[in-house]
**Q** 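Got a structure for you, questions after.
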Amino acid sequence: MEEYRLKGLSCPNCAAGMEQQIQKLEYGESAQIQYNSGKLKVDKRVNIEQVEKILDSDHASIMKEEEGHTHAHASMKWLLGISTGIFLFALLLDFVTAVPAVPFYLTAIILSGYQTFMKGLRNLTKLTFNIETLMTIALIGAVSIGEWKEGTLVAILFGLNEYLEGLGMEKARKSMESLLQIAPKEALLIRDGKEEVVSINDLKVDDLVLVQSGAKIPSDGIVSAGNSSVNEAAITGEAMPVEKGVGESVFGGSINNEGILHVKISKAYEDSSLAKILHLVEEAQETKTPTELFINRFSRFYTPIIMVISALVMLVPPLVFGGIWGDWFYQGLAVLIVGCPCALILSSPIANISGITRNARNGILVKGSVYLEQLGKIDTLAFDKTGTLTKGFPYVETYESYSDEKFLSVAAAVEKHSSHPLAKAIMKKVADFPYREFEATNVETVSGQGIIAEVNGKRHWVGNEKSVCHVTIPENVQSSIDAMKRDGLTLVIVADETKILGVFGIADEIREESQSVIRDLHQAGIKNTVMLTGDHEKTAEKVANRIGVRSYFGGLLPEDKVAKVKELTAKGKVAMIGDGINDAPALASADLGIAMGKGTDSAIETADIVLMQDHLGKLPEAVSIAKRVNRTIRVNIALALGLKLIALLLTIPGLLTLWIAILSDMGATILVTLISLTILWERKEKEKPTIKKEAEPQHS
C-alpha cells in the first residue's frame with residue numbers, strides 16, 4: 001500500500017464519499033482516506049491520476065513532500081473572498097441603483113458554491129442524500145423563487161462553514177503532527193574510525209553513532225563513551241533532563257544536551273520505542289469511539305429524515321391550513337439548511353484528537369479514542385503494588401543495633417559480595433555510617449535462612465529468624481523483632497555464636513509521588529482506588545494506609561488478582577495499572593489496561609494506555625483530560641442539536657429564514673470546533689533542574 005498526505009480535506013462526509021469513489025477504481029478496493037490524520041492509503045497499482053481527479057472534486061489534493069499545510073485551504077479562501085466581495089457589491093447595487101444585480105449574485109453563487117452544487121447534483125442522480133444534496137436543493141429552491149440574496153448567502157456561508165471546519169481539523173492535525181516531527185532524520189555513523197552521515201533507516205543493531213551536543217539520539221542504544229544530560233521529553237513527557245553515562249540506555253528521539261556521546265545502537269529505528277510510539281499515536285487518531293460510531297450511523301438516517309420534514313413543512317401548511325405556497329416553500333428550504341449535520345459529525349473527532357495529542361505531549365500513550373473515552377468513564381482504579389505504587393526494590397526502613405562495634409561491620413563483610421536485593425539494600429544503608437571493613441571467609445548459603453560466614457575468625461549468621469535459632473533472644477530484642485513484623489517489614493538479623501548483634505527492617509520503598517497521585521485521582525473523580533499485591537496482609541495494610549488507597553487486598557497470586565479485577569468490573573468501570581510484564585493477565589481482565597515502565601516493549605504492546613514515565617505522576621492529569629474530552633463531546637452534541645432545534649421551532653410561527661438557518665448551522669460548527677480545540681491548551685511548566693538517574697528497579 002502507498003501512503004500519501006492529503007491537503008484540503010474539509011469534512012468527514014466528503015472524505016467518506018471520495019473514499020467510496022476511489023474504491024470503485026481498478027485495484028482500489030482497499031483504499032482508505034483517514035480523515036483525522038489527513039492520509040490516503042491506496043494500492044500501488046491504482047491509477048493515481050484518477051485518484052487526483054476524485055480528490056480535486058472536493059478541493060482536496062495529494063501533498064507534495066516539500067509542501068506544508070499552510071496552503072491547504074488557500075484556493076477555497078480566495079474563492080470565498082472574491083465571492084463575498086461580489087456579493088457586497090451586488091447588495092450595494094440593489095440598494096442605490098435600479099440596475100439588476102442578478103448576474104452578480106449568480107457569479108458569487110458559482111464561485112463559492114459550484115463544487116457543492118455539482119456534487120449535490122451527482123448525489124441526486126444516485127439518490128445519495130448527504131450535506132451536499134441538502135445544500136444543492138436549498139440553492140435550487142432559493143434561486144427558483146427569486147431569493148437571490150439568501151441563495152448567494154447560503155452558498156458563501158456554507159463554503160465558509162466548510163473552510164472553518166477544515167481549518168479546525170487542520171489545527172488538531174498540526175498539533176498531532178508536531179509530535180511526529182520529533183523523529184530524527186539522520187545519524188552520524190562511526191565506521192572504520194571515520195564519521196559518515198546516514199539515514200536513520202540505514203542504521204543496524206551494534207552500529208556505533210556519535211551524538212553531538214544539541215543533536216537527537218537516532219535510535220535506542222547504550223552509551224559506550226561520554227557523559228551528558230539527556231532530554232527524554234519526546235518519550236516520557238518529562239521536561240527534567242536525566243544524566244547519562246557509560247553503560248546506560250538511551251531512547252531514540254532524546255536530545256543530547258551538552259557533552260558528546262558515543263552510542264551503540266541496540267534497535268533498528270523501526271523497532272525503537274520512539275518509532276512504536278509514533279506509529280501507535282497515528283493509529284490512535286483513526287479509531288472510532290462508540291459515540292462517534294453512533295453519530296456516523298445516526299447521520300446516515302438523519303439527512304433523509306430532514307428532507308422528509310422539509311417536504312412536510314412545504315406541503316402541509318398550504319394543503320391543510322391554506323398557507324401561502326411561496327412562504328412555506330421558503331420555510332422548507334430553511335429547514336434543509338438547518339438540517340446540515342456538520343456540527344454533529346465534528347462534535348467528537350476534534351475533541352478526541354486533541355485529548356490524545358495532549359496526553360502524548362505528557363508521555364502518556366493512549367492507543368485510540370475508544371480508550372480515551374473509557375478512561376473518562378472509569379470510576380475504579382486498581383493498582384499493582386510492587387513497582388507501581390512502590391519502587392520495586394527493597395530499602396532499609398529501620399534498624400536496631402545491639403553491638404555498635406560489630407553490627408554494621410559484620411553485616412557489610414558478609415553482604416558486600418552478594419547480588420541479592422536484600423544485600424544491596426543493607427550495603428546502601430551501611431554506606432551512610434562509618435564502620436570497620438572486615439573480610440568474610442568460609443561463606444556458606446543456607447537455603448531459606450541466610451548466610452553463615454567467618455569474620456575475624458568467628459562464625460556469624462546473617463538471615464531471617466530461622467537462621468538465629470541457636471541464640472537465646474532477650475525479651476527487649478524479641479519485642480523489637482515483633483514490632484517490625486507487625487509493621488510488615490522483612491527482617492535480616494545479624495548474630496554471632498552467642499547473641500543478636502542487630503536487626504534490619506526492610507521494606508519495598510514507596511514512591512515519593514504515590515500519596516499525592518492517589519489524592520489527586522480522588523479529586524479528579526475516581527471514586528474507588530484499590531491496591532492488589534502478593535505481599536502479606538500486614539505489608540499491604542501499611543502501604544495502603546500510607547498512600548491513602550480506599551481498599552487493599554494482600555496475599556494474592558496472579559490468578560487471584562485476575563479474579564479480584566473481574567469482581568471489581570462487575571460493580572463498575574475498572575482500570576488496572578501495573579508494570580506491563582507480570583500483571584498482563586490482570587491488565588487484560590480490566591475494562592482498561594494501563595501499563596507503566598518507561599517504554600518497555602511489553603508495556604507498549606500489551607496495554608491500552610502506556611505511561612512512558614516510570615512513575616504515576618501524570619496519571620491524574622490523563623484522567624482529567626479524558627473526563628474533559630467526554631464532557632466536551634456531550635456539550636458539542638447538545639450545542640449541535642440544540643441550536644438546530646431552536647431554529648426548527650421557529651418554523652411553527654413561520655419565522656425561520658435562510659439567514660437564521662445558515663447562521664445557526666455555522667454557529668454550531670464554529671462553537672463545536674473552538675470548544676474542542678481548547679483541550680490542547682495547557683500551562684507551560686517551569687524548567688526543572690537536571691537529575692541523576694536512579695538505579696534500575698528490580699521488580700519482585
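Note that the structure is a prediction, hence the values are computed from the model and not measured.
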**Q** Measure the shortest side-chain to side-chain distance between I33 and L6 over non-hydrogen atoms and say whether it is less than 4.5 angstrom.
**A** yes

**Q** First locate atom CD of E373, then atom CD1 of I633, and finally report the distance between them rounded to the nearest 0.5 Å.
**A** 6.0 Å

**Q** Measure across A382 and L568 and return the closest heavy-atom pair with its distance rounded to 0.1 Å.
**A** CB-CD1, 4.2 Å

**Q** Checking side-chain polar atoms at under 3.5 Å, does S229 have a donor or acceptor matched by the opposite partner on N257?
**A** yes

**Q** Counting N and O atoms only, with roles assigned by atom type, does the side chain of S228 sit under 3.5 Å from a partner on the main chain of G259, one being a donor and the other an acceptor?
**A** yes

**Q** Is it true that E232 and K244 have a side-chain N and a carboxylate O under 4.0 angstrom from each other?
**A** yes

**Q** Strictly distance-based, threshold 3.5 Å: is any side-chain N or O of T357 a donor or acceptor partner for the main-chain N or O of I353?
**A** yes

**Q** Any sub-3.5 Å donor-acceptor pair from D207's side-chain atoms to L203's backbone N or O?
**A** no

**Q** Do the charged groups of E3 and K39 touch, with an N to O distance under 4.0 Å?
**A** yes

**Q** Would you call K618 and E513 a salt bridge, taking side-chain N to carboxylate O under 4.0 Å as the test?
**A** no

**Q** Within the side chain of T678, is there an N or O that forms a donor-acceptor pair under 3.5 Å with the backbone of I675?
**A** yes

**Q** Please report the shortest heavy-atom distance between V562 and S589, naming the atom on each side.
**A** CG1-OG, 3.2 Å

**Q** Is a side-chain donor-acceptor pair under 3.5 Å present for S516 with R511?
**A** no

**Q** Checking side-chain contact (heavy atoms from CB on, under 4.5 Å) between S219 and each of D271, I265, V205, V263, which is the one that passes?
**A** I265

**Q** Within a strict 4.5 Å, meaning less than it, do heavy atoms of the K561 and D384 side chains meet?
**A** yes

**Q** Between OG1 of T388 and CE of M576, what distance do you get to the nearest 0.5 Å?
**A** 7.0 Å

**Q** Hey, is the main chain of T529 close enough, under 3.5 Å, to the side chain of R550 for a donor-acceptor pair?
**A** no

**Q** Which pair of heavy atoms, one from V366 and one from I356, lies closest together, and at what distance?
**A** O-CG2, 4.3 Å

**Q** For P421 and P394, work out which heavy atoms get closest and say how close.
**A** O-CG, 3.6 Å

**Q** To check you understand the geometry: which heavy-atom pair defines the closest contact between A524 and S624, and what is its length?
**A** CB-OG, 3.7 Å

**Q** Could you go through L210 and I260, starting from their C-alpha distance and side-chain angles, then the distance that decides it, and tell me whether this counts as side-chain contact (heavy atoms from CB on, under 4.5 Å)?
**A** CA-CA 7 Å; L210 177 71; I260 291 176; 3.1 Å; yes

**Q** Within the distance-only criterion (no hydrogens, no angle test), does the side chain of S514 pair as donor or acceptor with the backbone N or O of L389 below 3.5 angstrom?
**A** yes

**Q** Under 4.5 Å between any side-chain heavy atoms of Y269 and N201, yes or no?
**A** yes

**Q** Determine the minimum heavy-atom distance between V246 and A225, stating which atoms define it.
**A** CG2-CA, 3.9 Å

**Q** Apply salt bridge (Lys or Arg N to Asp or Glu O under 4.0 Å) to the pair E512 and K391, showing each step before the final yes or no.
**A** CA-CA 9 Å; E512 294 86 351; K391 291 185 177 179; 2.9 Å; yes

**Q** Does a donor on one side chain sit under 3.5 Å from an acceptor on the other, for N256 and Q212?
**A** no

**Q** Mark yes or no for whether R358, through its side chain, and I625, through its backbone, hold a donor-acceptor pair below 3.5 Å.
**A** no

**Q** Contact between I426 and V492 at the side-chain level, heavy atoms closer than 4.5 Å - yes or no?
**A** yes

**Q** Above 12 or not: heavy atoms from other molecules or residues under 6.0 Å from NZ of K573?
**A** no

**Q** Run the numbers on I526 and T380 for side-chain contact (heavy atoms from CB on, under 4.5 Å), then give the verdict.
**A** CA-CA 6 Å; I526 299 299; T380 300; 5.9 Å; no

**Q** Heavy-atom distance under 4.5 Å between the side chains of S354 and V629, does that happen here?
**A** no

**Q** Say you draw a straight line from CG of L611 to CG of N362; how long is it, rounded to the nearest 0.5 Å?
**A** 10.5 Å

**Q** Between I594 and L375, is there a side-chain heavy-atom distance shorter than 4.5 Å?
**A** yes

**Q** Would I190 and H262 satisfy side-chain contact (heavy atoms from CB on, under 4.5 Å), going step by step from the backbone distance to the final call?
**A** CA-CA 9 Å; I190 300 174; H262 287 76; 3.3 Å; yes

**Q** About how many Å separate NZ of K377 and CG of D379, when rounded to the nearest 0.5 Å?
**A** 12.0 Å

**Q** Say you draw a straight line from CG of N231 to NZ of K216; how long is it, rounded to the nearest 0.5 Å?
**A** 10.5 Å

**Q** Looking at K542 and E397, is there a salt bridge between them, counting it only when a charged N and a carboxylate O are closer than 4.0 Å?
**A** yes

**Q** For L592 and L587: C-alpha separation, side-chain torsions, deciding distance, then whether side-chain contact (heavy atoms from CB on, under 4.5 Å) applies.
**A** CA-CA 7 Å; L592 198 64; L587 289 173; over 6 Å; no

**Q** Mind checking the CD1-OG spacing from I200 to S272? Nearest 0.5 Å is all I need.
**A** 7.0 Å

**Q** Checking the side chain of D220 only, and the main-chain atoms of G252 only, is there a donor and an acceptor separated by less than 3.5 Å?
**A** yes

**Q** Is the shortest side-chain N to carboxylate O distance from D508 to K385 below 4.0 Å?
**A** yes

**Q** Using atom types as modelled and distance alone, determine if a side-chain donor or acceptor of T539 lies under 3.5 Å from a backbone N or O of G488.
**A** yes

**Q** Ignoring hydrogens and angles, tell me if any N or O in the side chain of E248 forms a donor-acceptor pair with the backbone of G245 under 3.5 Å.
**A** yes

**Q** Could you check if a side-chain atom of I510 sits within less than 4.5 angstrom of a side-chain atom of I547, using non-hydrogen atoms only?
**A** yes

**Q** What I'd like to find out is whether the side chain of I518 reaches to under 4.5 Å of the side chain of F383, using heavy atoms alone.
**A** yes

**Q** Taking atom types as modelled, find out whether N636 and S676 have a side-chain donor-acceptor pair closer than 3.5 angstrom.
**A** yes

**Q** Quick one: which of Q613, M612, M596 gives a side-chain contact (heavy atoms from CB on, under 4.5 Å) with I364?
**A** Q613

